[in-house]
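Each remark here refers to the structure printed beneath this line.
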Amino acid sequence: MHKPRPVRDADVDGKRVLVRSDLNVPLADGRVADDTRIRASLPTLRLVLERGARELTICSHLGRPNGKDPELSLKPVEEHLRDLLPDDRLRVLENTRFNPGETKDDPAFAQELADGNDLFVQDAFGSVHRAHASTVGVARLLPAYAGLLLEKELTELGKLLGDVERPFLLVSGGAKVEDKLEVLQNLGGRADTILIGGKMAEEIRAENPLPFDVVLPTDVVAADTFAEDAESKVVPYEALPEGWLGLDIGPETRRLFAEAISKARTIFWNGPMGVFEWPRFAEGTKAVAQAVAAADAHSVVGGADSARALTELGLADEVSWLSTGGGAALEFLSGKELPGVAIIPAA
Ligand code: 3PG
Ligand code: MG
């Protein structure tokens, strides 16, 4: 595995340092609604400041704007960051995706980012699966290093790719079935147990493309329509009425899943078991979150939905590693090269 050289080895004293963080956080009413990623970015920023950087410029994307969009300005994020880390040397650039060159890895935009800086620190783990100007282009132009969060993510997720304590259990759910199948293809052969819920389960039940067995729900919370206030009832999976939808795993499956999770020594969980944004269909995801948190295991959780479920239950600190990356974590665990990591010289 490519080990990028760490920011700890960089001589930043008196230098102008550009840091790419993943400050792509949810906003509500023009304010930061969840600052997990901002807080996760602080250790690298503090290190660079403590080691005497002359200037610290931070860049990030926010959302997926089409050109300049005031709703997706990084200003509220900058304010929040300044409250957490007041320092006159710090400067936050506007949303990199306001420039159409960002997602095209346009050399001119990369040069714009590099200008006036002496070195580059990549700390945006959640974005390194994108080959963009602020993740790859700028790292071609400046001496590049891996930030502390990026390093930690690669280490913690990397553990799942090496020798693990057994039983090794995977729990997978949610939408984006294709991406998750790739992870299961790469990791699943080495796992002892694979639990599948959510939309994943329906597709795999119809036809399992994986070369090994997985555990599927035995019962579901069925709903007569896709709505928060739909009529609903618990049924055995085989007895799902025609035209109804399974919007959560049922109580028997929750018990079975929780029991399997409690026996595991290594766990990777990604994706909710149902439509957990709606309280009536959130019980399955909650049960998995609680079981993963309670397990005496090396537990790793990836993806915004699973992270949100843990955070809402106050269990975020109860797992061994809660990844700040969704797509990036999945690509890494699928065995793919991350362009924003590959471009950083090796340690
Ligand atoms: C994310 O939130 O998954 C990352 O910040 C990447 O965002 P993107 O999927 O819009 O590239
Ligand atoms: Mg635990």
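Just the heavy atoms: all of them, side chains too, but no hydrogens, waters or symmetry mates, feed the values below. We count ligands from 1, going down the list as the structure has it; atoms in each ligand are counted the same way.
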Who passes side-chain hydrogen bond (donor to acceptor under 3.5 Å, both in side chains) against E277, sequence neighbours left out? none
Run through ligand 1 for me and note each protein residue having a heavy atom under 4.0 Å from it, chain first, then residue number. D22, N24, R37, H61, R64, R97, G126, S127, R130
Mark yes or no: K159 above the aromatic ring of W321, with NZ or CZ under 6.0 Å from the six-membered ring centre and no more than 45 degrees from the axis. no
State whether R255 and E259 are salt-bridged, where the test is any N-O pair (Lys NZ or Arg NE/NH1/NH2 against Asp/Glu carboxylate O) under 4.0 Å. no
Return the set of residues passing side-chain hydrogen bond (donor to acceptor under 3.5 Å, both in side chains) with R166 (not counting sequence neighbours), or none when no residue passes. D192
Apply salt bridge (charged side-chain N to carboxylate O under 4.0 Å, His left out) to the pair E165 and R265, showing each step before the final yes or no. CA-CA 6 Å; E165 259 197 78; R265 297 288 296 155; 3.0 Å; yes
side-chain contact (heavy atoms from CB on, under 4.5 Å) partners of D83, counting only residues at least two apart: none
